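This report concerns only the one structure given below.
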Amino acid sequence: MSTLTFQGAVKEVTGSRYLIEVDGNGRSHKLLLECGLHQGGGDADEANARPFGRLAGEVEAVVLSHGHLDHSGLLPKLVREGYRGPIHCTRGTRDLLEIMLQDAAFIMVKDVEWENKWRRRNGKPLIEPLYELEDVERTLALCEPHPYGRPVELPGGASLVFRDAGHILGSAIVELAIPSGGQVKRLIFSGDLGNPSSVLMKDPEKLHDADLVLMESTYGDRDHRPLDETLEEFARVLEEAHEAGGNVLIPAFAVGRTQEILYHLSMLYHEGRLRQQLVFLDSPMAIKVTELYHRARKTLDPEDIKVLNVAASGDTSRYLPILRMTRTVEESMAINRIHGGAIIIAGAGMCNGGRIIHHFRYNLEKPSTRLVIVGFQAGGTVGRQIVDGAERIRVMGHDLAVKARVHTIGGFSAHAGQTQLLGWAGAFRNRPRFYLVHGEPGAQQALQAALAGSDIEAEIPTYGDRIEL
C-alpha cells in the first residue's frame, strides 16, 4: 500500500510538507508534496534548522502547489543537503520562486552575518544560514514548469495534474493518481484555495473525484466580509487618515496581496476617491513581483484587467500615476521625512521583518497614523501582537507604543472563507476521506464541525501521522 506522512502544516498554518511513499513498480518511491518554511516564533527557527537527513537523497521528485514560502521556502535547503531530482510546478510558480527564494536567501545570509558578529564577540560557535544564493540557483535549475490540466508522469507509476487554485499567480490544486494495493488512488491537495471575491485571480477550480483530500483550513472558522463592504471600509480609513493628516501603513505580503491592494488603489484613484498625494511600494521583492504580474497579466482574470484598462484609457502607465516604487535603502529612508499624506505599502506582511518595521519607528507612535492590516497574522508574529491589541511592541531593539489607529480588514484575503471551503469540499462525489491541514486548531475544529453539518467527515492530523492511501 502507498502511504502519506504528515510532516508539516498540521495544526499550524505554515511549514507545508507531506511525504508520499508510492508502492509502484515493485519497490517504494518517495515523493515530497511541498517543502515549506515554518514562520512565526522560536519553534519555527528550530523546525527550519532540522536536517532532512536521508530524505534529501531518497526523494525522487518534489511537487509544489505554489510559490509562497510556507509552501516552498525550504526547497534550497533540501537541495543543499543533496536533493537532485525534479521540482514540478507551474510556470507562474517557477517565476515567483526566482524572486522569493533569492530574497529569502539574501535575508538569511544578512541575518547570520549579524548573529555571527555577536557570537565572535562572545566566544560562541558560529552558525550557517539555512541556504545561500548558490543553493537557490541549483534549486531553480531543477524546476520543471507545467501548464494547468496537462498530465505529468511521476516515479512509481504515479501521475500529476495541476488545476487553477485562484490564490496567487501560478497557484495550483494538486491532483495525484497514485498506485496503491493494486488500485489507483486519487489524492487531491487543495494547496491554498483562492477567494473568488479577490481581483486578478480566476476562481478556484472545483474537482469531483477523489479518494483522499487534503484541504487547507486557514479561514475555516469564518467568512470574509463582502468585497463591496471591504472596499468602502478601506476607502473610509484612507479618507480618515487624510483628514487626520497622517500616513497610512499597509504591511503587505509581496505576492498577491500587494498587487490586489494596488488594483483597488488604482480604482479609487480613477474614481476620484483617493486623497493621498503619494503611494509608496517600499519592498524590492514586491516591486519585482508586481512587475511579474504586469508581464503575466494575460493569465490573470480578464474581466478585472479590462476594468482597469478602461479606467486608465488603455495606458498601463496610468494605472496608478501617484505610485512610487522605492527600490533602494536610501529611497526607503527618505519616506521617513514625509509626516502625512502618504500610503506606504511595505513588507513583511506579518511585520516580523522587512522595511515595514522601520516605518513603525517613525509612524506607529502617532495617533494620526492609520495601520491597515490586510492579511493573516500567524501566532508569534509582531503583526499578530498588534491585531491582538498589544499596547507596546518591540522591534529592532526599540520599545514602541502603539498609538496609531489599527484597522484589520479581512475581506482582502486571498484565501477562501468557510462558506467557500464548504462549497469546494461539497463538489466531491462518493465521500472521499478529508484531512484538514494549513490551519490553527480553532479554525480547523470549526471547519470540521461545519463539514460534519454537510455530512462530510474530516480528520485533523497531527505531525508524523501516517495513513494508507
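Everything numeric in this text was worked out from a predicted model, so none of it was measured.
A salt bridge does not link Arg80 with Glu134: every distance from a Lys NZ or Arg NE/NH1/NH2 to an Asp or Glu carboxylate oxygen is 4.0 Å or more. Between Glu459 and Arg433 no salt bridge is recorded (no basic side-chain N to carboxylate O distance below 4.0 Å). Under a 4.0 Å N-O distance rule, the pair Asp164/Lys202 does not qualify as a salt bridge. Look at Arg273 and Glu232 and you find a salt bridge, because one of the NZ, NE, NH1 or NH2 atoms lies within 4.0 Å of a carboxylate O, short of that distance.
Crowding of Phe106 atom CZ: a count of heavy atoms from other residues, nucleotides or ligands under 6.0 Å not exceeding 12. More than 12 non-hydrogen atoms from other residues, nucleotides or ligands lie less than 6.0 angstrom from CZ of Arg138. Crowding of Glu128 atom CD: a count of heavy atoms from other residues, nucleotides or ligands under 6.0 Å not exceeding 12. More than 12 heavy atoms of other residues, nucleotides or ligands lie within 6.0 Å of CD in Glu291, so this atom counts as buried by the packing criterion.
In terms of modelled atom types and a separation under 3.5 Å, the side chain of Gln377 and the main chain of Gly375 share a donor-acceptor contact. For Thr3 (side chain) and Arg466 (main-chain N/O), no donor-acceptor pair under 3.5 Å exists by modelled atom type. At least one donor-acceptor pair under 3.5 Å links the side chain of Ser198 to the backbone N or O of Ser413. Looking only at distances, no side-chain donor or acceptor of Glu34 sits under 3.5 Å from a matching main-chain atom of Ser16.
Taking both residues in full, the closest heavy atoms of Leu265 and Leu320 are given as O-CD1, 3.9 Å, listed atom of the first, atom of the second, then distance. The minimum heavy-atom distance between Glu233 and Thr408, with the atom names listed, is OE2-O, 4.3 Å. Closest approach of Pro196 to Pro204, counting heavy atoms only: CG-CD, 4.2 Å. When all heavy atoms of His66 and Thr93 are compared, the pair lying nearest together is CA-OG1, 3.5 Å. Closest non-hydrogen pair, Lys185 versus Ser180, comes out as CG-CB, 3.9 Å. Pairing each heavy atom of Thr90 with each of Ala172, the nearest pair is CG2-CB, 4.1 Å.
The CD atom of Gln39 sits 11.0 Å away from the CG atom of Asp45 when rounded to the nearest 0.5 Å. Atom-to-atom distance recorded for Leu96:CG and Met285:CE is 9.5 Å, nearest 0.5 angstrom. Distance check, rounded to the nearest 0.5 Å: OG of Ser2 to CG of Asp23 gives 5.0 Å. Residue Asp192 holds its CG atom at 4.0 Å from NE2 of His415, rounded to the nearest 0.5 Å. To the nearest 0.5 Å, atom CG of residue Leu32 and atom CG of residue Leu19 are 6.5 Å apart. Taking OG of Ser190 as the reference point, atom CG of Leu421 lies at 7.5 Å (rounded to 0.5 Å).
Between Phe189 and His71, the ring-plane angle classifies as tilted under the 30° and 60° cut-offs. Classified by interplanar angle (parallel below 30°, tilted 30° to 60°, perpendicular above 60°), the ring pair His294/Tyr319 is perpendicular.
With contacts defined as side-chain heavy-atom distances shorter than 4.5 Å, the pair Ile456/Phe428 does not qualify. Contact check for Phe6 versus Tyr463: no side-chain heavy atoms found under the 4.5 Å cut-off. Looking only at side-chain heavy atoms (C-beta outward), Thr5 and Glu21 come within less than 4.5 Å of each other.
Taking the six-membered ring for Trp, Phe234 and His264 have ring centres at least 6.0 Å apart.
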With side-chain contact (heavy atoms from CB on, under 4.5 Å) as the criterion, how do Val174 and Phe162 come out once you've worked through the C-alpha distance, each side chain's angles and the decisive distance to 0.1 Å?
CA-CA 5 Å; Val174 177; Phe162 288 122; 4.0 Å; yes

Could you go through Ser72 and Met100, starting from their C-alpha distance and side-chain angles, then the distance that decides it, and tell me whether this counts as side-chain contact (heavy atoms from CB on, under 4.5 Å)?
CA-CA 9 Å; Ser72 68; Met100 300 186 73; 5.9 Å; no

Audit row: Tyr83, Leu75, side-chain contact (heavy atoms from CB on, under 4.5 Å) steps and yes/no
CA-CA 9 Å; Tyr83 179 69; Leu75 280 171; over 6 Å; no

For side-chain contact (heavy atoms from CB on, under 4.5 Å), just list the numbers for Thr139 and Tyr131, CA-CA rounded to whole Å, side-chain angles, deciding distance to a tenth of an Å, and then say yes or no.
CA-CA 11 Å; Thr139 301; Tyr131 49 83; over 6 Å; no

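With 3.5 Å as the limit, one finds a donor-acceptor pair spanning the side chains of Thr419 and Asp223. Using modelled atom types and a 3.5 Å distance limit, the side chains of Asp282 and His358 yield no donor-acceptor pair.
With respect to Val22, the side chain to side chain contact (heavy atoms under 4.5 Å, CB included) criterion is satisfied by exactly one of Leu176, Leu31, Leu469: Leu31.
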